[in-house]
Amino acid sequence: MKNMVIDILSKAVTELSAEEISEILEQPPKPELGDYAFPCFRLAKVMRKAPNMIATDIYESVMKDERINESFDKVETNGAYVNFFTNKTLFAKTVLEKSMEDDYGSSHVGDGKTICIDYSSPNIAKNFHVGHLRTTVIGNSLFKIFTKQGYNVERINHLGDWGTQFGKLIVAYKNWGSEEKVKEKGIEELMRLYVLFHDEADKKPELEDEARLWFHRMELGDEEALNIWKWFVEISLEEFRRTYALLGVDFDHYTGESFYRNMTDDVVDELKKKNLLTESEGAMIVDLSEYDMAPCLILKKDGSSIYATRDIAAVEYRKKTYNFDKCIYVTGQEQKLHFAQVFKVMELLGYDWAKDSLVHIPYGLVSLDGAKLSSRGGNVIYAEDILKEAISKIREIIDEKNPDLSDEQKEEASRIVGVGAVIFNDLYNQRIKDVSFKWEHITSFEGETGPYVQYTYARCSSILRNLESFSLERHIDYSILTDFTSVDLLKEINRYQSVVDEAADRYEPSVVARYAVDLAQAFNRFYTENRIAVDDVTVRNTRTKITYITREILRDALNLLGIGCVEQM
């Protein structure tokens, strides 16, 4: 309908292009002002007339278009505006037929194209804390959004599983650890040993040299060093996967920094051939001062590689292996400089695709806002603890509000809604903004929250269950859906495709999260004003159909956020 308005206006207003008309066309804040309003102020200088007179001229020209009578209830002038009132019955028919198409909201813009998404990427031998939740849920949502657009998406978990820190951990394990304790306590014991190393190194600086030696042995392929390291990796992955299972997150590749360790020599050789390496205080760097950036460190003084070297190797490997159209990195904004350096080095190496294909997606910090959260390590908050806390709080609410559910139903609903509440709280915020955990908000079934959207889905499901005779094939009357709340709901349904596309273009899952709230609110207003279980079969079928469509879109939108749905709660 908007495109039709633009086309009609472009024939009446030759002074502006269709694109310019689209830019200034408005959607009035009140329904009594129409569905679209064209302001004429911009034409006053060109046409040398008062804007209200221009509006009258445009109105007279527009009314000659035969599509006006077919598709619009009326067109009128209001001061300097030309207001278009769409034919609500036609609008309802168009929207409902369109939304019943298979995989509504999907597109083919990504057909034949590949995107690599590098996200989550926790450090081995360190706990999966609350900060890791952000990269994990943002990356998982972007994977789903791009997949809906037709892209082939490679999900990559670039584990922090290589570096001097493992030399430190091996020294600590050999001096103060035991196999039994590590097997018993897992990452918790590895963290204790890592902290202990730094405490002891303050007193005995020679421990730092010993740690560097052990890491150097790892890089040389020493069997003992690598066996201990592999064991630490296995222990860590076991714990990480437990959290991923709670989140419903998976990856196509667990290729951490260690995967690229044998490729770094080629990177160094390539940089040397391009005369990009410079020695600085015994280390090897790429000087980026010309680009107002600090130097990119490639090799340390002892000749060992650093994460920038491995990131460069990773980019080259991914391009050769997946031939990506884009390679996206979802990390905290504190790594902005690091990726700017890596991307610039790729450009200097002569890879023309680097400038447009490599994308850093930064996000803000997580704060706990004084909430009392369980913790296994002092001031370190585990992601798993937060998820379990949310599940527990939702279970208490469900026990109180719906005691008739079976224990199995309560357990499933608590898990899905609790985890979803945490994810939604994160993704509802623009990713660059900081996120705070306030339990009273996160677990609320009212307001702009995950439980509110999930409850609306469950309400739709309940309505459909109670209407045993409902069939999508039965006759409906689109004119029944012309009241304000119905049209408002139809407008929300109609914009789903543009919401998905905007979220992809901006790398911003919050666009989908906020839409899910808008759709849920529009449905609840519709439900308050319009009885569904009425005697009139046609009215019942018509309102039930829009309920069914709302439910399906809510489920799809929540899925794009990595959130599940429950039929009852």
Side-chain angles (χ1 to χ4, degrees), residues 1 4 27-28 30-36 68-74 84-105 401-402 404 445-446 452-497 515-558 565-569:
M1 297 301 292
M4 186 184 296
Q27 287 188 296
K30 298 179 181 179
E32 57 266 28
L33 296 175
D35 300 295
Y36 300 99
I68 292 296
N69 291 330
E70 296 172 0
S71 303
F72 298 87
D73 287 337
K74 64 177 178 177
F84 294 79
F85 296 75
T86 59
N87 182 318
K88 302 299 187 292
T89 301
L90 177 62
F91 179 66
K93 180 177 186 296
T94 303
V95 171
L96 291 192
E97 287 180 352
K98 175 182 168 186
S99 59
M100 285 298 292
E101 295 174 359
D102 291 341
D103 204 9
Y104 177 56
K401 300 290 186 183
N402 200 348
D404 295 335
F445 282 77
E446 297 178 356
Y452 171 76
V453 178
Q454 289 172 307
Y455 178 75
T456 304
Y457 172 88
R459 167 178 274 180
C460 292
S461 293
S462 176
I463 292 168
L464 297 174
R465 274 196 310 275
N466 293 331
L467 294 168
E468 298 176 0
S469 62
F470 169 62
S471 169
L472 292 174
E473 306 304 321
R474 293 196 172 180
H475 174 69
I476 66 171
D477 181 354
Y478 296 106
S479 67
I480 292 167
L481 300 175
T482 56
D483 63 285
F484 172 71
T485 58
S486 296
V487 171
D488 189 43
L489 178 55
L490 286 164
K491 286 179 178 178
E492 291 301 328
I493 291 171
N494 187 49
R495 72 185 184 95
Y496 186 46
Q497 176 74 70
Y515 168 79
V517 170
D518 291 342
L519 179 61
Q521 290 174 339
F523 174 79
N524 287 317
R525 288 192 295 268
F526 162 82
Y527 180 70
T528 300
E529 297 293 327
N530 296 280
R531 285 190 62 216
I532 296 175
V534 295
D535 292 333
D536 189 311
V537 176
T538 301
V539 172
R540 186 169 67 244
N541 285 342
T542 303
R543 290 176 178 165
T544 305
K545 185 166 186 175
I546 198 172
T547 301
Y548 170 83
I549 290 169
T550 300
R551 183 187 72 160
E552 295 307 292
I553 297 175
L554 282 174
R555 173 162 51 194
D556 197 63
L558 286 170
C565 295
V566 291
E567 301 300 314
Q568 298 181 73
M569 67 170 71

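One-based numbering along the sequence shown.
Taking each heavy atom of Ile493 and Ile553 in turn, the nearest pair found is CG2-CD1, 3.6 Å. Of all the heavy atoms in Tyr457 and Arg551, the pair that sits closest is CE1-CG, 3.1 Å. Nearest approach of Lys98 to Tyr104, heavy atoms of both residues: O-CD1, 3.6 Å. The nearest pair of heavy atoms linking Phe85 to Pro31 is CE2-O, 3.8 Å. Arg459 and Tyr527 make their closest contact through NH1-CD2, 3.7 Å (heavy atoms, listed as atom of the first residue, atom of the second, distance). Nearest heavy atoms, Thr538 versus Asp536: N-OD1, 3.0 Å.
Judged by distance alone, the side chain of Thr550 and the main-chain N or O of Ile546 form a donor-acceptor pair under 3.5 Å. Arg543 places no side-chain N or O within donor-acceptor distance of the main-chain N or O of Asn530, the cut-off being under 3.5 Å. Without hydrogens or angle criteria, Asn466 side chain to Ser462 main chain gives a donor-acceptor distance under 3.5 Å. Looking at Ser71, its side chain never comes within 3.5 Å of a backbone N or O of Ile68 through a donor-acceptor pair. Checking side-chain atoms of Thr482 against main-chain N and O of Tyr478 turns up no donor-acceptor pair under 3.5 Å. Under a 3.5 Å cut-off, the side chain of Asp488 and the backbone N or O of Phe484 do not form any donor-acceptor pair.
From Asp404, atom CG reaches atom CD of Gln568 across 10.0 Å, with rounding to the nearest 0.5 Å. Between Leu519 atom CG and Leu558 atom CG the span is 9.5 Å, to the nearest 0.5 Å. Atom NZ of Lys93 and atom CD1 of Ile476 lie 9.5 Å apart (nearest 0.5 Å). Here the straight-line distance linking atom CG of Leu464 with atom CD of Glu567 works out to 9.0 Å at 0.5 Å rounding. Atoms CG and OG, on Leu90 and Ser479 in that order, are 12.5 Å from each other to the nearest 0.5 Å. To the nearest 0.5 Å, atom OG of residue Ser461 and atom CG of residue Leu554 are 9.5 Å apart.
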Quiz item: Could you go step by step and tell me if Arg495 and Glu492 meet the salt bridge (Lys or Arg N to Asp or Glu O under 4.0 Å) rule?
Solution: CA-CA 5 Å; Arg495 72 185 184 95; Glu492 291 301 328; 2.8 Å; yes
Quiz item: Under the salt bridge (Lys or Arg N to Asp or Glu O under 4.0 Å) criterion, do Arg540 and Asp535 qualify, and how do the steps go?
Solution: CA-CA 7 Å; Arg540 186 169 67 244; Asp535 292 333; 5.5 Å; no
Exercise. Might you work through the side chain to side chain contact (heavy atoms under 4.5 Å, CB included) test for Phe526 and Thr547, ending with a clear yes or no?
Key: CA-CA 9 Å; Phe526 162 82; Thr547 301; 4.1 Å; yes
Practice problem: Might you work through the salt bridge (Lys or Arg N to Asp or Glu O under 4.0 Å) test for Asp35 and Lys88, ending with a clear yes or no? | Solution: CA-CA 10 Å; Asp35 300 295; Lys88 302 299 187 292; 3.0 Å; yes
Practice problem: Please test Phe72 against Phe84 for side chain to side chain contact (heavy atoms under 4.5 Å, CB included), starting from the C-alpha separation and ending with a verdict. | Solution: CA-CA 7 Å; Phe72 298 87; Phe84 294 79; 4.1 Å; yes
Practice problem: Let me see the working for Lys491 and Phe91 under side chain to side chain contact (heavy atoms under 4.5 Å, CB included), right down to the final yes or no. | Solution: CA-CA 9 Å; Lys491 286 179 178 178; Phe91 179 66; 4.0 Å; yes
Self-check item: Glu552 vs Met100, side chain to side chain contact (heavy atoms under 4.5 Å, CB included): CA-CA, chis, key distance, verdict
Solution: CA-CA 10 Å; Glu552 295 307 292; Met100 285 298 292; over 6 Å; no
Exercise. Output, in order, the C-alpha distance, side-chain angles, deciding distance and verdict of salt bridge (Lys or Arg N to Asp or Glu O under 4.0 Å) for Glu529 and Arg525.
Key: CA-CA 6 Å; Glu529 297 293 327; Arg525 288 192 295 268; over 6 Å; no
Quiz item: Stepwise, does the side-chain hydrogen bond (donor to acceptor under 3.5 Å, both in side chains) test hold for Thr544 with Asn541?
Solution: CA-CA 5 Å; Thr544 305; Asn541 285 342; 5.4 Å; no
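Of the candidates Thr542, Leu481, Asn494, Leu481 is the only one forming a side chain to side chain contact (heavy atoms under 4.5 Å, CB included) with Leu96.
Taking 4.5 Å as the limit, every side-chain heavy atom of Tyr548 sits out of range of all side-chain heavy atoms of Cys460.
Heavy atoms of other residues, nucleotides or ligands lying less than 6.0 angstrom from CD of Glu446 number 12 at most. Other residues, nucleotides and ligands place no more than 12 heavy atoms under 6.0 Å from the OH atom of Tyr455.
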